[in-house]
Enquirer: 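Sharing a structure with you now.
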Amino acid sequence: MLGYLLKRIAASVPTVIVVTVLVFALIRAIPGDPASLMLGDIDNPALLAEMRHALGLDRPVGEQFLIWVGNAMQGDLGMSIARREPVMHLVLTHFAVTAQVVLTATLLACLVAVPAGMVAAWRQNRRADTAIVSTSILFVSMPSFWVGILLIWLFGVKLNWLPVYGFESIAQGGLGAARYLVLPVCAIVLTEIAAITRMMRASTIETLRLEYVAHARAKGLPEKRVMLRHVLPNSFGPTLTVIGLMLGHLLSGAAVIETVFTLPGIGRLLVESIYARDYPVVQGCLLFIALLYVAVNLVVDLLYPLFDPRVKLQ
């Protein structure tokens, strides 16, 4: 297990290096001068040259990259042009909002979708299977922004049960602040639950056809034990990959949901920084999002041996 762990971590290092180079190169390819943006409409070549020197933009590109990487490894991603705040503080603050919404939604989606997928596979080509598959197709066909607007109209405008905009941290507002999470979480759950259900159904159907399942049934084991003890662990591997990709995508910024519900998440921060041409924030967000994807995929790879014992032998 330790060898597998070290091997997967080592395999992630080249990906991190490539991602870092790409993020740095993409930001440098954007037209415009960050120093000119920070100075605004001031037409002063001497002041512009001084600002470029302060930002290190007058140095060779290779040296700029090494300085940026060195600062990033120390937690320094620069200073926001528009907000005049450290980029790392902005990224972590906004990511905390995204994480609260996304982790809650992913957990709820898994609790519903995994059992639903197994039931659909167990009752394949019967009424329960048809109902679950039809519902999944319906949910996967609905855009997340449309679901969000519909929830706002129904529960916020018509029924006036829940707030339709704003955010308050649970750590500060207690359980009352959870009211701000209900609608965004429901919008994500409804749109993401279909992919998990369909993958769990497909992988469960394949597992049910294997010989060891027939052997377990032939031994007289109860169907509930066969499904939970033998089928679930071996069917959950492919579904775990889908969950990991979905989690990485959502944690990287559910920009549409955050915009609809005016949540101060990292996706909305990235979009607003692009419009404001706040290059240090854009660069910091892209780097953080890319590393987050790598980290989520690494965690998924490390969890595989818990569900597939064959991975330990490789």
Enquirer: Could you check if a side-chain atom of M227 sits within less than 4.5 angstrom of a side-chain atom of L232, using non-hydrogen atoms only?
Expert: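 No, side chains not in contact.
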
Enquirer: With sequence neighbours left out, write down each residue that passes side-chain hydrogen bond (donor to acceptor under 3.5 Å, both in side chains) with T204, or none if nothing qualifies.
Expert: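 T204: no side-chain hydrogen bond (donor to acceptor under 3.5 Å, both in side chains) contacts found.
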
Enquirer: What's the shortest heavy-atom distance between V87 and P280, and which atoms?
Expert: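 Closest approach of V87 to P280, heavy atoms only: CG1-O, 3.7 Å.
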
Enquirer: Name all residues meeting the side-chain hydrogen bond (donor to acceptor under 3.5 Å, both in side chains) criterion together with T104; count only those two or more places apart in sequence or in a different chain, and write none if there are none.
Expert: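 For T104, no residue satisfies side-chain hydrogen bond (donor to acceptor under 3.5 Å, both in side chains) once neighbours in sequence are set aside.
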
Enquirer: Search all heavy atoms of I257 against all heavy atoms of P184 and return the closest pair with its distance.
Expert: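 Shortest heavy-atom contact: CG2-CB, 4.1 Å.
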
Enquirer: Hey, does the side chain of D129 reach the backbone of N125 with a donor-acceptor pair shorter than 3.5 angstrom?
Expert: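 Flag set: sc D129 to bb N125 pair under 3.5 Å.
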
Enquirer: If only atom types and distance count, is the side chain of T98 paired as donor or acceptor with the main-chain N or O of I266 below 3.5 Å?
Expert: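 Answer holds: yes.
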
Enquirer: Consider side-chain contact (heavy atoms from CB on, under 4.5 Å). Of V294, V23, L270, which one does I289 pass it with?
Expert: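 Output: one option passes, namely L270.
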
Enquirer: Between atom OG1 of T93 and atom CE of M88, what is the distance when rounded to the nearest 0.5 Å?
Expert: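 So the gap between those two atoms works out to 11.0 Å.
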
Enquirer: Connecting only ILVMFWY residues whose side-chain heavy atoms lie within less than 4.5 Å of each other, what is the rest of M199's hydrophobic cluster?
Expert: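 Other cluster members: V242.
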
Enquirer: So, using ring-ring contact (aromatic ring centres under 6.0 Å, His included) as the criterion, who are the partners of F24 when residues are at least two apart?
Expert: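 Applying ring-ring contact (aromatic ring centres under 6.0 Å, His included) to F24 gives F65, W68.
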
Enquirer: Would you say that Q283 contacts L77 through its side chain, given a criterion of any heavy-atom pair below 4.5 Å between the two side chains?
Expert: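 Contact flag for Q283/L77 side chains = no.
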
Enquirer: Can you pull out every salt bridge (Lys or Arg N to Asp or Glu O under 4.0 Å) where at least one residue sits in residues 188-199? Sequence neighbours excluded, please.
Expert: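 Pairs touching residues 188-199 that pass the test: none.
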
Enquirer: Within the structure provided, determine whether V296 and Y293 are in side-chain contact (heavy-atom separation under 4.5 Å).
Expert: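 Of all side-chain heavy-atom pairs linking Y293 with V296, none is under 4.5 Å.
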
Enquirer: Please confirm whether the backbone N or O of I188 pairs with a side-chain atom of T191, one donor and one acceptor, at under 3.5 Å?
Expert: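 Here the side-chain-to-backbone pair exists.
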
Enquirer: Do H94 and L263 have side-chain heavy atoms sitting under 4.5 Å apart?
Expert: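 A side-chain contact under 4.5 Å is absent here.
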
Enquirer: Sorted by first residue and then second, give each side-chain hydrogen bond (donor to acceptor under 3.5 Å, both in side chains) pair with at least one member in residues 130-143; sequence neighbours left out.
Expert: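 Found none.
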
